[in-house]
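Input: a single structure, listed below in structure tokens.
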Amino acid sequence: MKYDFTAIEKKWQEYWLAHKTYAAFNNDNRPKYYALIEFPYPSGQGLHVGHPRPYTALDIVARKRRMQGYNVLFPIGYDAFGLPTENYAIANHMHPREVTKTNISRFTAQLQMLGFSFDWDRCVVTSEPDYYKWTQWIFMQFFKRGLAYKTSMPVNWCTSCKCVLANEEVVGGVCERCGSDVVRREKSQWMLKITEFAQRLLDDLDEVDYIERVKTQQRNWIGRSVGAEVVFKADAGDDIKVFTTRPDTLFGATYMVLAPEHELIEKWAARLTNIDEVRAYQNDAAKKSDFERTELAKDKSGVRLEGVSAINPVTGESIPIFISDYVLASYGTGAIMAVPGHDQRDWEFAEKFGLPIIEVVKGGDVTKEAYVAKDEDAIMVNSGFLDGMSVKAAIPLMIKWLSERDIGRETVNFKLRDWVFSRQRYWGEPIPLVYCEKCGWVPVLEEQLPVKLPEVSSYETTDDGESPLAHMDEWVNTTCPHCGGPAKRETDTMPQWAGSSWYYLRYLDPHNDTALASQDAISYWHQVDWYNGGMEHTTLHLLYSRFWHKFLYDLGVVPTSEPYMKRTSHGMILGEGGEKMSKSRGNVVNPNDIVAEFGADTLRLYIMFIGDFEKSVPWSSTAVKGCKRFLDRIWNLAENKLPGDETYSAKNEREIHKAIKKVGDDIENMKFNTAIATLMSLVNTFYENAPTRGDIKMLLTLLSPFAPHIAEELWEKQGFKGLACEQVWPKFDPAKTLDAEKEIAVQVGGKLKATVIIPLDAPDEMVLELAKANEKIARLIEGMDIVKVIVVKNKLINLIVKPK
RNA sequence: GCCGGUGUGAUGGAAUUGGUAGACGUAGUGGAUUCAAAAUCCACCGCUCGCAAGAGCGUGCCGGUUCGAGUCCGGCCACCGGCACCA
């Protein structure tokens with residue numbers, strides 16, 4: 001009979017769902033294992049071949065863990081709020097909820113078609129009120145503890161769509177949708193104080209098992225730098241605080257620069273003789289997009305503040321103050337001391353404006369460029385009491401000098417910014433706060449959660465950039481929970497990243513309506529043992545969810561300060577030409593087509609076999625059939641019930657033991673491609689030495705995490721007991737993985753000349769004799785002295801010879 | 001510019017971490033089977049010279065360490081990803 005994958009896969013998928021084969025149990029005696037993949041955003045395009053790569057990988061891990069006796073939680077859900085759905089809904093005059101519902105059912109069918117061992121009873125959807133109730137609850141706790149605040153800040157404003165865009169919607173400085181210019185515009189936004197957790201987010205990376213590139217990327221993003229805060233007196237009577245990582249170079253500070261937005265400028269306005277010029281520069285800077293300010297405007301520009309100056313605290317000299325957009329308002333204090341001799345940006349600015357450049361650290365030529373290297377042993381010059389000292393010694397001494405006079409101290413700065421948490425959009429979680437003229441911002445009462453999204457007929461953003469909810473008077477007008485007076489609801493919604501920041505906790509107890517999850521469930525399942533996801537989420541979702549988790553830990557909701565013990569990441573699947581798959585290139589592979597032609601098991605095998613799991617790899621439509629052939633060959637071996645008992649055949653025993661070891665190890669190390677190659681080799685062996693019932697039983701056991709449907713079907717055909725996926729993961733006998741004889745390399749002078757067969761673990765003298773006995777080797781060493789013999793056990797022998 | 005990664009046959013990729021480079025798959029070539037094709041099975045399949053036995057070369061480039069280097073060290077080159085005026 002032919003291998004009818006369509007019928008077989010349908011049969012087993014229905015069986016697994018009906019029997020809840022992959023259910024996870026709260027409070028179970030077995031050890032727990034929590035394997036997690038990033039839940040999908042249910043887009044209108046449906047699943048694409050990129051999705052199943054990480055899903056299959058952790059499905060294999062989850063299936064292996066079950067076979068190893070664990071109570072495995074391998075859940076799935078949908079990250080369903082978000083812009084694409086809303087835009088699609090607007091364009092097609094549908095309700096986003098309807099769009100979401102349709103997309104989710106398509107995704108569900110596709111995921112089930114691939115045979116993943118998810119516990120479907122724990123499926124969560126972030127846009128459902130019983131889910132976002134708890135997203136709102138967490139936000140409310142942030143607010144109550146002063147970690148959510150509203151502030152006016154520049155946002156991305158599309159000049160054509162007349163609406164606020166998220167950073168992700170700004171591509172190359174223009175609007176992702178219409179291609180128009182995006183400018184900065186002040187808007188009042190809710191913010192979350194992730195910066196308060198910066199040090200902990202950094203420190204705790206040392207305690208988790210994340211792949212190194214994820215850790216490095218997060219560390220760079222958090223961007224901790226140690227330096228000093230130094231106060232410069234202005235003659236206008238105010239202090240200007242600056243941050244520097246090079247307090248040793250203070251003697252070289254010949255001018256100062258403030259960010260155009262710096263608050264002192266307004267304060268000094270009356271004293272500035274060129275205030276018009278200053279204002280013009282400020283306006284210019286404000287109008288520029290981030291893109292123009294950074295990517296395009298590398299050329300230094302600025303305006304001197306005429307009428308004020310500052311005093312360099314160590315030299316006592318008066319130095320000019322400028323404003324320039326090369327100083328960022330959002331980092332440090334928004335002001336710098338400029339040391340043109342030792343900072344390239346300051347150097348360029350000084351050159352342009354004809355400012356003095358003083359060398360204070362020896363080592364470069366400051367007339368040509370700034371000498372930037374922080375060489376700890378370099379010697380200080382032109383630096384008063386630091387002269388002749390090394391940089392290493394100068395830094396602490398300067399900090400001491402400054403702090404004794406109370407004009408500076410050691411301090412730490414982070415690149416990490418607070419998280420802009422508002423979106424002027426409909427399809428997101430409503431922010432559960434109301435504004436009361438008397439009481440200010442007040443959270444709704446907890447028992448009033450969830451604050452549900454109102455039904456509206458139009459989801460369009462408004463001309464003034466307000467949320468569509470802003471014009472729903474009935475919904476907006478409410479009473480203050482505090483004083484009972486009239487109040488208005490917050491009309492902004494939460495960003496896409498809110499729901500996904502804690503979803504891994506909801507899986508533990510998805511139907512709980514009194515808590516985000518019960519304490520029992522949390523303490524049983526915490527933490528996630530293995531989390532795999534995309535590198536693109538490293539500094540977004542992954543960082544955000546670590547932040548929320550730490551906050552929940554402080555609240556006492558979770559017992560650990562980190563959510564995920566282990567984090568790995570998969571490479572992308574590219575189009576056949578090696579480019580990114582995209583609709584516009586027309587090179588997107590739809591898993592449905594592959595499943596229809598070859599079956600889900602083949603697709604699963606192929607995407608795991610295609611290459612190194614961690615690297616990007618191009619799709620190949622011809623190579624898929626290699627995996628189909630492999631399954632066909634297995635089918636041919638096992639479709640008819642084999643005779644005999646369930647022991648291994650003598651001829652295949654050794655290869656089976658080797659395969660058990662290799663496949664098991666490879667799964668742990670995410671070397672899925674070589675695990676499958678091992679199984680292919682084993683099948684090739686079986687074509688040489690006909691397998692017994694026992695041989696096949698082990699093959700199917702090892703195959704079942706990778707290709708669960710065919711494994712189950714053949715298991716049944718062979719009449720083995722139970723399900724293949726419920727077998728105990730096999731053990732191997734190390735002694736039986738070793739060959740009795742080894743073919744080893746024989747080198748002469750380090751060059752491979754021949755191979756000889758030796759008994760396993762043969763003593764060195766015997767290896768030498770066998771090597772010498774080889775005809776070719778004998779010829780080569782004739783008339784030579786053997787100066788040295790190197791033997792690597794069971795691997796090689798190297799003879800160093802020289803003429804007699 | 002800074003940080004991270006990668007360079008191996010026609011091709012996707014292996015190589016137990018310093019020990020026989022090219023496992024496994026795809027493509028290709030030859031053969032078996034077939035009226036024929038598909039499918040399947042068997043064999044070959046890094047390059048150069050050679051009828052052959054064999055010899056030489058070969059993991060981006062140049063150098064080094066070592067009995068021995070795809071793997072370690074130094075210096076380049078190319079490509080990919082992230083960040084980017086972060087003081």
Side-chain angles (χ1 to χ4, degrees), chain A residues 2 211-217 219-221 223-225 227 242-246 249 253 257 293-295 297-300 324-328 330-339 342-346 348-349 372 413-417 535-536 538-539 571-572 574 576 578 605-606 609-612 614-627 629-630 632-633 636 661-662 665 671 673-684 687 742-756 776 787-801:
Chain A
K2 210 173 141 268
I211 50 170
E212 210 46 47
R213 56 193 169 127
V214 168
K215 286 191 183 186
T216 334
Q217 216 167 295
R219 285 192 187 110
N220 291 345
W221 185 261
R224 180 179 195 267
S225 36
V242 303
F243 172 71
T244 177
T245 54
R246 297 294 302 273
T249 63
V257 187
R293 270 179 84 152
T294 58
E295 302 284 322
K298 296 278 185 189
D299 212 26
K300 297 290 173 290
S324 171
D325 63 7
Y326 86 89
V327 172
L328 308 175
S330 48
Y331 182 75
T333 61
I336 60 155
M337 63 176 209
V339 184
H342 304 281
D343 182 288
Q344 191 56 29
R345 298 153 299 181
D346 297 346
E348 284 165 21
F349 191 89
V372 182
N413 249 297
F414 296 94
K415 284 191 202 174
L416 187 69
R417 309 286 158 81
M535 282 307 289
E536 69 276 17
T538 302
T539 54
M572 267 189 302
L574 306 170
E576 296 226 35
L605 278 173
Y606 180 63
F609 181 65
I610 191 167
D612 186 333
E614 298 203 69
K615 288 185 199 139
S616 296
V617 65
W619 177 263
S620 163
S621 53
T622 51
V624 188
K625 61 173 171 255
C627 290
R629 280 183 193 148
F630 166 61
D632 282 333
R633 280 159 70 82
N636 290 339
K661 173 172 168 44
K662 178 76 174 148
D665 290 350
K671 300 270 181 198
N673 52 341
T674 49
I676 293 166
T678 303
L679 292 173
M680 287 174 168
S681 293
L682 186 62
V683 169
N684 292 345
Y687 268 71
K742 282 271 182 185
E743 188 185 29
I744 66 157
V746 185
Q747 297 182 338
V748 177
K751 294 212 164 202
L752 179 70
K753 293 295 174 186
T755 58
V756 294
K776 189 173 165 188
V787 190
K788 194 173 173 189
V789 177
I790 294 140
V791 179
V792 182
K793 203 172 175 188
N794 296 326
K795 286 242 154 61
L796 116 176
I797 176 167
N798 187 4
L799 307 174
I800 313 303
V801 296

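Chain naming here is simple, since letters A, B, ... match the order of the sequence lines and numbering starts at 1 in each.
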Measuring to OP1 and OP2 of [N], would you say a side-chain N or O of [X] lies under 4.0 angstrom away?
{"X": "A:K415", "N": "B:rG82", "result": "no"}
{"X": "A:S225", "N": "B:rA87", "result": "yes"}
{"X": "A:N673", "N": "B:rA14", "result": "yes"}
{"X": "A:R633", "N": "B:rC41", "result": "yes"}
{"X": "A:N684", "N": "B:rG25", "result": "yes"}
{"X": "A:R629", "N": "B:rA27", "result": "yes"}
{"X": "A:K625", "N": "B:rA27", "result": "yes"}

With [atom1] as the reference atom in both, quote the distance from [N] to [M] in angstrom, rounded to an integer.
{"N": "B:rA36", "M": "B:rG50", "atom1": "C1'", "value": "41 Å"}
{"N": "B:rA15", "M": "B:rG7", "atom1": "P", "value": "12 Å"}
{"N": "B:rG22", "M": "B:rG58", "atom1": "C1'", "value": "11 Å"}
{"N": "B:rA21", "M": "B:rU16", "atom1": "C1'", "value": "14 Å"}
{"N": "B:rG13", "M": "B:rC3", "atom1": "C1'", "value": "28 Å"}
{"N": "B:rU65", "M": "B:rU71", "atom1": "P", "value": "15 Å"}
{"N": "B:rC72", "M": "B:rG19", "atom1": "C1'", "value": "14 Å"}
{"N": "B:rG70", "M": "B:rA23", "atom1": "C1'", "value": "15 Å"}

Any base atoms under 4.0 Å from [X], or only sugar-phosphate, or nothing? Heavy atoms, all strands.
{"X": "A:E743", "result": "base"}
{"X": "A:N798", "result": "base"}
{"X": "A:K751", "result": "sugar-phosphate"}
{"X": "A:T755", "result": "base"}
{"X": "A:A677", "result": "base"}
{"X": "A:I800", "result": "sugar-phosphate"}
{"X": "A:I610", "result": "sugar-phosphate"}
{"X": "A:L752", "result": "sugar-phosphate"}
{"X": "A:N636", "result": "nothing"}
{"X": "A:R417", "result": "base"}

- [ ] Identify the heavy atoms of A:G611 and A:N673 that sit nearest to each other, and give their distance.
- [x]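 So the minimum-distance heavy-atom pair works out to C-ND2, 3.6 Å.
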
Taking the minimum atom-to-atom distance to the side chain of [X], which one of [options] wins?
{"X": "A:D343", "options": "B:rA55, B:rA87, B:rG19", "value": "B:rA87"}
{"X": "A:A745", "options": "B:rG19, B:rC24, B:rU20", "value": "B:rU20"}
{"X": "A:K788", "options": "B:rA87, B:rC67, B:rG25", "value": "B:rC67"}
{"X": "A:R213", "options": "B:rC67, B:rA87, B:rG4", "value": "B:rG4"}
{"X": "A:P618", "options": "B:rC24, B:rG12, B:rG56", "value": "B:rG12"}
{"X": "A:F243", "options": "B:rG25, B:rA87, B:rG19", "value": "B:rA87"}
{"X": "A:K753", "options": "B:rG68, B:rG56, B:rC83", "value": "B:rG56"}
{"X": "A:T674", "options": "B:rC24, B:rA14, B:rA87", "value": "B:rA14"}
{"X": "A:V327", "options": "B:rA87, B:rG13, B:rG82", "value": "B:rA87"}

- [ ] Using only heavy-atom distances, decide whether a donor-acceptor pair under 3.5 angstrom links the side-chain of A:Q747 to the base of B:rG19.
- [x]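 Indeed, a donor on one side and an acceptor on the other fall under 3.5 Å apart.
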
Open item on the list: Regarding B:rC85, can its base be found pairing with the side chain of A:K300 as donor and acceptor, where the two atoms are less than 3.5 Å apart?
Closed with: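 Answer is yes: a donor-acceptor pair is held.
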
Open item on the list: Between A:T539 and A:Q217, do the side chains contain a donor N or O and an acceptor N or O under 3.5 Å apart?
Closed with: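 Their side chains do not contain a donor-acceptor pair, so the 3.5 Å distance test is not met.
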
TODO: Could you tell me whether a side-chain N or O of A:Y606 sits under 3.5 Å from a main-chain N or O of A:G626, the two making a donor and an acceptor?
DONE: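 Checking the backbone N and O of A:G626 against the side chain of A:Y606, no donor-acceptor pair under 3.5 Å is found.
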
- [ ] Name the pairing partner of B:rG1, where a pair is Watson-Crick or G-U wobble with both distances under 3.5 Å, or state none.
- [x]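 Pairing partner, where one exists within any strand: B:rC83.
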
Open item on the list: Does the plane of the ring in A:Y326 sit parallel, tilted or perpendicular to the ring in A:F349? Use 30° and 60° as the thresholds.
Closed with: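 Correct class here is tilted.
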
- [ ] Please tell me which of A:I676 and A:I790 maps to the more 5' nucleotide of RNA chain B, matching each residue to the nucleotide holding its nearest heavy atom.
- [x]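 Of the two residues, A:I676 wins.
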
Task: Toward the 5' end of RNA chain B, by each residue's nearest nucleotide, A:Y606 or A:T333 - done: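 Counting from the 5' end, the first nearest nucleotide belongs to A:Y606.
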
Task: Protein-nucleotide distance (A:F630, atom CZ; B:rG12, atom P), rounded to Å - done: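 Spelled out: CZ on A:F630 to P on B:rG12 is 23 Å.
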
Task: Syn/anti state for B:rG56 [syn: chi within 90° of 0] - done: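 Anti for B:rG56; the angle lies over 90° from 0.
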
- [ ] Could you classify B:rU17 for me, syn or anti, using a glycosidic angle within 90° of 0 as syn?
- [x]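 With its glycosidic angle within 90° of zero, B:rU17 counts as syn.
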
Task: A:K793 atom NZ, over 12 foreign heavy atoms within 6.0 Å - done: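 No, because the 6.0 Å sphere around NZ of A:K793 holds 12 heavy atoms or fewer from other groups.
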
